[in-house]
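First the structure, in the form of structure tokens, and then the observations on it.
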Amino acid sequence: QAELVESGGGSVQAGGSLKLSCAASPYIYRSNCMAWFRQAPGKEREAVAAIYRGLGETYYTDSVKGRFSISQDHASGTLYLQMDNLKPEDTAMYYCAAAEYECYAHSVFKDTEYNRWGQGTQVTVSQ
């Protein structure tokens, strides 16, 4: 059974919205750090949004602030990424990630902090 399973990707026009979901196994869902990353063709993987449960804080990369929102549903063990006002530059494969071991608030955007990854879900935004 996969530990992290993303869904919700698709194709939308600029200005549209999508909500990504990441279903986590109970053990992985207890991770102190969970995050969404994305990777566009020919570009490096980048962090988009993260949750550090120890402080109950969320973090966003500058390009998505005010447009994206990361959240968790503890009842279902699901991590979400609500994406509004999507832009063509948001086009990428989006990955859910969890840090199984100790992680730190100051490094939630470092992909090396995460050792559990989903298979990814494609988001395509057209003009």
Side-chain angles (χ1 to χ4, degrees):
Q1 181 179 357
E3 294 175 317
L4 294 169
V5 180
E6 302 99 331
S7 62
S11 296
V12 296
Q13 291 189 324
S17 298
L18 284 173
K19 186 173 185 177
L20 306 184
S21 300
C22 174
S25 66
Y27 171 69
I28 295 301
Y29 187 77
R30 289 195 294 269
S31 300
N32 208 22
C33 297
M34 295 192 74
W36 288 95
F37 285 76
R38 67 185 179 188
Q39 187 167 23
K43 295 187 177 181
E44 292 187 356
R45 184 167 57 191
E46 65 169 344
V48 176
I51 285 180
Y52 183 70
R53 297 180 69 174
L55 296 176
E57 294 185 349
T58 57
Y59 306 85
Y60 299 92
T61 193
D62 287 345
S63 63
V64 307
K65 284 179 181 177
R67 301 189 298 120
F68 289 14
S69 177
I70 188 171
S71 62
Q72 291 178 296
D73 178 4
H74 300 312
S76 63
T78 304
L79 182 73
Y80 296 102
L81 184 68
Q82 176 68 45
M83 305 186 296
D84 298 320
N85 191 22
L86 282 161
K87 303 177 180 181
E89 51 264 42
D90 294 319
T91 295
M93 184 71 79
Y94 283 71
Y95 299 91
C96 173
E100 181 180 0
Y101 304 114
E102 190 173 11
C103 63
Y104 303 93
H106 67 264
S107 58
V108 291
F109 275 5
K110 293 183 179 180
D111 57 3
T112 52
E113 287 288 280
Y114 301 89
N115 64 327
R116 293 287 183 260
W117 295 83
Q119 82 288 352
T121 186
Q122 178 67 37
V123 172
T124 302
V125 185
S126 59
Q127 288 284 6

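- Considering all non-hydrogen atoms of both residues, Ile70 and Trp36 come closest at CD1-CD1, 3.7 Å.
- Residues meeting the side chain to side chain contact (heavy atoms under 4.5 Å, CB included) test with Thr61, sequence neighbours left out: Ser63, Val64, Phe109.
- Within the structure, side chain to side chain donor-acceptor pair (under 3.5 Å) pairs that include any residue of residues 8-17 comprise Ser17-Asp84 (at least two apart or interchain).
- Scored by the side chain to side chain donor-acceptor pair (under 3.5 Å) test, Arg30 finds no partners at all (sequence neighbours excluded).
- Under the 4.5 Å side-chain contact rule for hydrophobic residues, Ile51 and Leu4 share a cluster.
- Residue pairs meeting the salt bridge (Lys or Arg N to Asp or Glu O under 4.0 Å) criterion with at least one partner in residues 47-64, sequence neighbours excluded, are Asp62-Lys65.
- Tyr104 is linked by a ring-ring contact (aromatic ring centres under 6.0 Å, His included) to His106, counting only residues two or more places apart in sequence or in another chain.
- The environment of CD in Glu89 is crowded: more than 12 heavy-atom neighbours from other residues, nucleotides or ligands sit within 6.0 Å.
- Counting heavy atoms from C-beta on, the side chains of Glu46 and Arg38 come closer than 4.5 Å.
- The nearest pair of heavy atoms linking Met34 to Ala24 is CE-CB, 4.3 Å.
- How far CD of Gln72 is from OG1 of Thr78: 9.5 Å, rounded to the nearest 0.5 Å.
- The ring pair (Phe, Tyr, Trp, His ring centres under 6.0 Å) contacts involving residues 54-102 comprise Tyr29-His74, where partners must be two or more places apart or lie in separate chains.
- How far SG of Cys22 is from CG of Leu81: 10.5 Å, rounded to the nearest 0.5 Å.
- Checked against side chain to side chain donor-acceptor pair (under 3.5 Å), Arg67 has the following partners two or more places apart in sequence or in another chain: Asp90.
- Closest non-hydrogen pair, Met93 versus Gly120, comes out as SD-C, 3.7 Å.
- Judged purely by atom type and a 3.5 angstrom limit, Thr91 has no side-chain atom pairing as donor or acceptor with the backbone of Thr124.
- Put simply, CG on Leu20 and CD on Gln82 are 9.0 Å apart, with the number rounded to the nearest 0.5 Å.
- By the 4.5 Å heavy-atom criterion applied to side chains, Met83 and Val48 are not counted as neighbours.
- In this view, Glu113 and Ser107 satisfy the side chain to side chain donor-acceptor pair (under 3.5 Å) rule, not counting sequence neighbours.
- In this view, Val12 and Leu18, Leu86, Val125 satisfy the side chain to side chain contact (heavy atoms under 4.5 Å, CB included) rule, not counting sequence neighbours.
- Taken to the nearest 0.5 Å, the CG atom of Asn32 stands 8.0 Å off from the CG atom of Leu55.
- When the side chain to side chain contact (heavy atoms under 4.5 Å, CB included) test is applied to Ala99, the partners found at least two apart in sequence or on another chain are Cys33, Cys103, Tyr114.
- Contacts classified as salt bridge (Lys or Arg N to Asp or Glu O under 4.0 Å) and involving residues 99-110 (residues at least two apart or in different chains) are given here: Glu100-Arg116.
- Under a hydrophobic-cluster definition in which Ile, Leu, Val, Met, Phe, Trp and Tyr are linked whenever side-chain heavy atoms come within less than 4.5 Å, directly or via other members, Val108 and Ile28 are assigned to different clusters.
- Put simply, the side chain of Glu6 gets close to the backbone of Cys96: a donor and an acceptor are under 3.5 Å apart.
- One distance of note links OG of Ser31 with CD of Glu3; it measures 9.0 Å at 0.5 Å rounding.
- In this structure Ser7 satisfies the side chain to side chain donor-acceptor pair (under 3.5 Å) test with no other residue, sequence neighbours excluded.
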